[in-house]
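Below, chain A is the first sequence line, B the second, and so on; all start at residue 1.
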Amino acid sequence: MMSITWDAVLGRLAGHISEIMKSTVEVSDFVLPPKPELGDVALGCFRLAEAHGKNPAEIAEELAGALADFEGVAKAAAAGPYLNITFKLTEILPRLLKEAKENGDAFGQSDALGKQTILFEYANPNTHKEIHVGHLRNFILGASLVHLFRRAGSRVIPVSYINDVGTHVAKCLWLLVTKHGFDAKTFSSDDVDSLVDAVPLENHTAQYLGQVYGEATSAMEEDESVKDQVSFVHNALENHDPQWEALWQETRKWSMDELTEIFDELGVRIERQYFESECLDRSQEIVNQLEKDGIAKLSEGAVLIDMEEKKLGMMLLRKSDGSLLYAAKDLALAELKAQEYPEFTQSLVLVDERQSLAMRQLDEALKRIGYGKPYGYLGYELVTLPEGAMSSRKGNIITFQAFRDMVVEAAEAATRERHEKDWDEERISAAAKMLAAAGIKYAIVKQDPNKVIVFDIKKALSFEGDTGPYIQYAATRLGSILKKSGWSLGFQPELDFGGLQSDQERKLAVCIAQFADVVRRAAHEAKPSLVARWCLALAQEVNAFYRDVPVLDAPLELKEARLQLVLLARHALVCGLDLLGIPTPEEM
RNA sequence: GCGGCCAUAGCUCAGCUGGAUAGAGCGCUUCCCUGCGAAGGAAGAGGUCGGACGUUCAAAUCGUCCUGGUCGCACCA
């Protein structure tokens, strides 16, 4: 059975107080004091006072006296209506070491989410378009949530859904063909290979296709006749005309190859990749059936589900020209998921807030159809540029690769500056890669999901203060101490820690002890930002410890005990960063 | 017009289910490397928590209204 230190420590205290006061005090009643000097935890005695018909300050005073000798408590003091408690390090540290030893990399493990199986859909870009910094938030947030849900005891099945068909593909392929000297109307199977050859190999990418798509969009706005040509291509694609089908397959592969690389780089691991193209046929059938069943109706030539009485407007499924809208395909996807993963107890989709209405409509539609499972979504706000939203129409897209390259370059420059003499280029570039990953991911994940991120390139290139590299740096300093000690040691909870008397040592242990609770809350609220905050706080404690407490020069017994604390702190930081998808380098 | 989200230091943001003098980072001023890595640390200046009313012993936090911003709201995804 897993042991969670903070629960145990606070639980014991709460139990004791409950006994003294003859009324229940919960672990959750404890709060953090406004100033850390006051104590590790505090209890506001307002409720206890009410129950006893006394003044809160009186109760606090009374408890302070009663707890003075309680084992594990170093100090209990009343401050007005508050009871402030400081624990002995020996109450916390051995438990933490035991917890770390038992759980290993799964430090902070709990069963807070119960025995759920979450089917979690995220990372849903389109093919034939570039990946830009706007997508990054979804990918990084999603990957972190998968880790968090798992750490909180849930089984997670990560899936992704990619839109690989539709007008955006038609637009892109129309211009691709046209700009390489072919005529869309006469484009034939024999032309496919020569077209593919005509596109330079380095342009066999989603980035390039996205650029072509953007150009096609502008061309369409300027010239009405383009519209007809694009819908000609669109029809050809829907009819599976062999030459267009072949070109679609080829360019789709370009997109997917690039996407797979990006997923890999960002730690996006998908168990099942769904495509819109595989939902197409079934969604036609579903819409027909819904119409027959009276759930959907015909209105002005289009098929929709009326949700006005639920204040959800109209859910449009099929256009008057007969083509399907994304909402229809979502219904087929939901059905497909349920068939393939009948064991899931909760389905979640990570989408940007602009799609929240569509998600609520989907949920309502599934309810009306009789789909029995909870189908929800997690929303997050978008990433915008200082001058406004990013869009291919405005042509102000910052692609993922361009952004990543800028950060890596800055990271390399910063690393080279510090290791001009002692490191070779290979070593510099390896460290810089991790630094860049931390910079990018932390910046995105530290912000509360429902706040807009205004993309600031200057900030993204900074590695000081509240940044991923700052936290990596704290871990690296600890690692450096461990390395220099020359000892290879594991967690030793049985050691005597009585010699660790400084305030800073205790504060470090307390901060580590809060990890499991932070993870629980972060999973419950679907906010990796809480873990990011905790990582920052721990890194700050680590730096204070580093400043105040000598380790390697300490007398042997103290050194042994302090090395345990250093080992634990590093382990906790590594685990925290890992939940955010951020690697910890050995050196930087 | 209806609905979602947001509003806290010059800037970017934390502030958990109401509770003790509202906290970080950046920027600014001044310091600290012969010291376990200065991507670090110390000190300082900087806030009528958008506004009003209400609930409460207690409101940045809860409720209502208002203002400002942003994103949605039938044939785009």
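- Where Gln355(A) and Asp548(A) meet RNA chain B, the nucleotide closest to each residue was compared, and Asp548(A) sits on the side nearer the 5' end.
- With respect to the salt-bridge test (charged N to carboxylate O, under 4.0 angstrom), the residues Glu381(A) and Arg137(A) do not qualify.
- Look at Asn543(A) and you'll find a side-chain N or O under 4.0 angstrom from OP1 or OP2 of rG41(B).
- rA59(B) and rC2(B) have their P atoms separated by 32 Å, with the value rounded to a whole Å.
- Using a 4.0 Å heavy-atom cutoff across all strands shown, Ala358(A) reaches no nucleic acid atom at all.
- Residue-level contact check: Glu300(A) touches the bases, meaning some heavy atom is under 4.0 Å from a base atom.
- Across rA77(B), rA74(B), rG41(B), the shortest atom-to-atom separation from the side chain of Thr167(A) is found for rA77(B).
- Counting any heavy atom pair closer than 4.0 Å across all strands shown, His524(A) reaches no nucleic acid atom.
- Distances shorter than 4.0 Å separate some side-chain N or O of Arg418(A) from OP1 or OP2 on rA39(B).
- The pair Asp456(A)-Lys458(A) does not count as a salt bridge, with every side-chain nitrogen at least 4.0 angstrom from each carboxylate oxygen.
- Of the candidates rA14(B), rA77(B), rA20(B), rA20(B) carries the atom nearest the Ala79(A) side chain, counting heavy atoms from C-beta on.
- Counting any heavy atom pair closer than 4.0 Å across all strands shown, Leu357(A) reaches sugar-phosphate atoms only and no base atom.
- Rounded to a whole angstrom, the distance from the P atom of rA24(B) to that of rA9(B) is 15 Å.
- Contacts of Asp448(A) with the nucleic acid, taken as non-hydrogen atoms under 4.0 Å apart, involve only primed sugar atoms and P, OP1 or OP2.
- Of the charged side-chain nitrogens involved, none lies within less than 4.0 Å of a carboxylate oxygen, so that Arg360(A) and Asp363(A) do not count as a salt-bridged pair.
- rC13(B) and rU67(B) are spaced 25 Å apart, taking the P atom of each and rounding to whole Å.
- Taking 4.0 angstrom as the limit, Ser480(A) places a side-chain polar atom (N or O) nearer than this to OP1 or OP2 of rG37(B).
- Mapped onto RNA chain B by nearest heavy atom, Trp423(A) and Pro34(A) fall at different nucleotides, with Pro34(A) at the one closer to the 5' end.
- For Tyr442(A), no side-chain nitrogen or oxygen approaches OP1 or OP2 of rG25(B) to under 4.0 Å.
- Across all strands, Ser485(A) comes closer than 4.0 Å to no nucleic acid atom at all (heavy-atom distances).
- Because its glycosidic torsion is more than 90° from 0, rC57(B) is reported here as anti.
- Salt bridge present: Glu505(A) and Arg562(A) bring a charged side-chain N and a carboxylate O closer than 4.0 Å.
- Among the atoms of the strands shown, none is found under 4.0 Å from any heavy atom of Met315(A).
- rA74(B) and rU17(B) have their P atoms separated by 35 Å, given to the nearest Å.
- Spacing between rG47(B) and rA38(B) at atom P, rounded to whole Å, works out to 34 Å.
- Arg570(A) and Glu586(A) are joined by a salt bridge, as a carboxylate oxygen and a charged side-chain nitrogen come within less than 4.0 angstrom of each other.
- Distances from the side chain of Leu530(A) to the nucleotides rC13(B), rA39(B), rG15(B) place rG15(B) closest.
- Spacing between rU48(B) and rG23(B) at atom P, rounded to whole Å, works out to 15 Å.
- Taking every heavy atom of residues 322-334 of chain A and every atom of RNA chain B, pairs under 4.0 Å involve Leu325(A), Tyr326(A), by number.
- Contacts of Pro81(A) with the nucleic acid, taken as non-hydrogen atoms under 4.0 Å apart, are absent.
- A salt bridge does not link Glu412(A) to Lys433(A): none of the charged nitrogens lies less than 4.0 Å from a carboxylate oxygen.
- Taking the six-membered ring where tryptophan is involved, the planes of His135(A) and His132(A) are tilted, since the angle between them lies from 30° to 60°.
- Within 4.0 Å of Leu536(A), counting heavy atoms only, lie sugar-phosphate atoms of the nucleic acid but no base atom.
- Between Tyr442(A) and Tyr470(A), the ring centre distance reaches or exceeds 6.0 Å.
- Across all strands shown, rA58(B) has no partner, as no Watson-Crick or G-U wobble contact with both distances under 3.5 Å is found.
- Comparing rA39(B), rG72(B), rA42(B) by their closest approach to the side chain of Arg354(A) singles out rG72(B).
- Closest approach of Leu461(A) to Val407(A), counting heavy atoms only: CD2-CA, 3.6 Å.
- Relative ring orientation between Phe515(A) and Trp534(A) is described as tilted, the plane-to-plane angle lying within the 30° to 60° band.
- Using a 4.0 Å heavy-atom distance criterion, Glu587(A) is classed as a base contact.
- Nucleotide rC73(B) forms a pair with rG1(B), judged by Watson-Crick or G-U wobble geometry with both contacts under 3.5 Å.
- For rG37(B), the OP1/OP2 oxygens have a side-chain nitrogen or oxygen of Tyr546(A) closer than 4.0 Å.
- For rA7(B), one of the phosphate oxygens OP1 or OP2 lies less than 4.0 angstrom from a side-chain nitrogen or oxygen of Lys451(A).
- For Glu464(A) and rC11(B), the CD to C1' distance is 17 Å, given to the nearest whole Å.
- Residue Asn84(A) is classed as a base contact, given a heavy-atom separation below 4.0 Å to a base.
- Of the listed nucleotides (rC36(B), rG25(B), rC5(B)), rC5(B) has the atom at the smallest distance from the side chain of Glu381(A).
- A sub-4.0 Å separation between OP1 or OP2 of rC6(B) and a side-chain N or O of Asn450(A) is present.
- Across all strands shown, rA7(B) forms a Watson-Crick or G-U wobble pair, both distances under 3.5 Å, with rU67(B).
- Nucleotides rA20(B) and rG15(B), compared at atom P, are 16 Å apart to the nearest Å.
- The shortest distance between the side-chain N/O atoms of Lys459(A) and the OP1/OP2 oxygens of rC11(B) is not below 4.0 Å.
- Distance noted for atom C1' between rU12(B) and rG27(B): 11 Å (whole Å).
- Within the nucleic acid shown, Ser28(A) comes within 4.0 Å of at least one base atom, counting heavy atoms only.
- Using a 4.0 Å heavy-atom criterion, one finds that Val566(A) contacts no nucleic acid atom at all.
- Taking only side-chain atoms of Thr476(A), from C-beta outward, the nucleotide of rG37(B), rA39(B), rG41(B) with the closest atom is rG37(B).
- Contact check on Asp306(A) versus Arg368(A) returns no salt bridge, with no Lys/Arg side-chain nitrogen under 4.0 Å from an Asp/Glu carboxylate oxygen.
- Asp40(A) and Thr86(A) share no donor-acceptor pair across their side chains, judged by distance under 3.5 Å alone.
- Looking at heavy-atom distances under 4.0 Å, Arg477(A) makes contact with sugar-phosphate atoms alone, never a base.
- Using Watson-Crick or G-U wobble geometry with both donor-acceptor distances under 3.5 Å, rA42(B) finds its partner in rU30(B).
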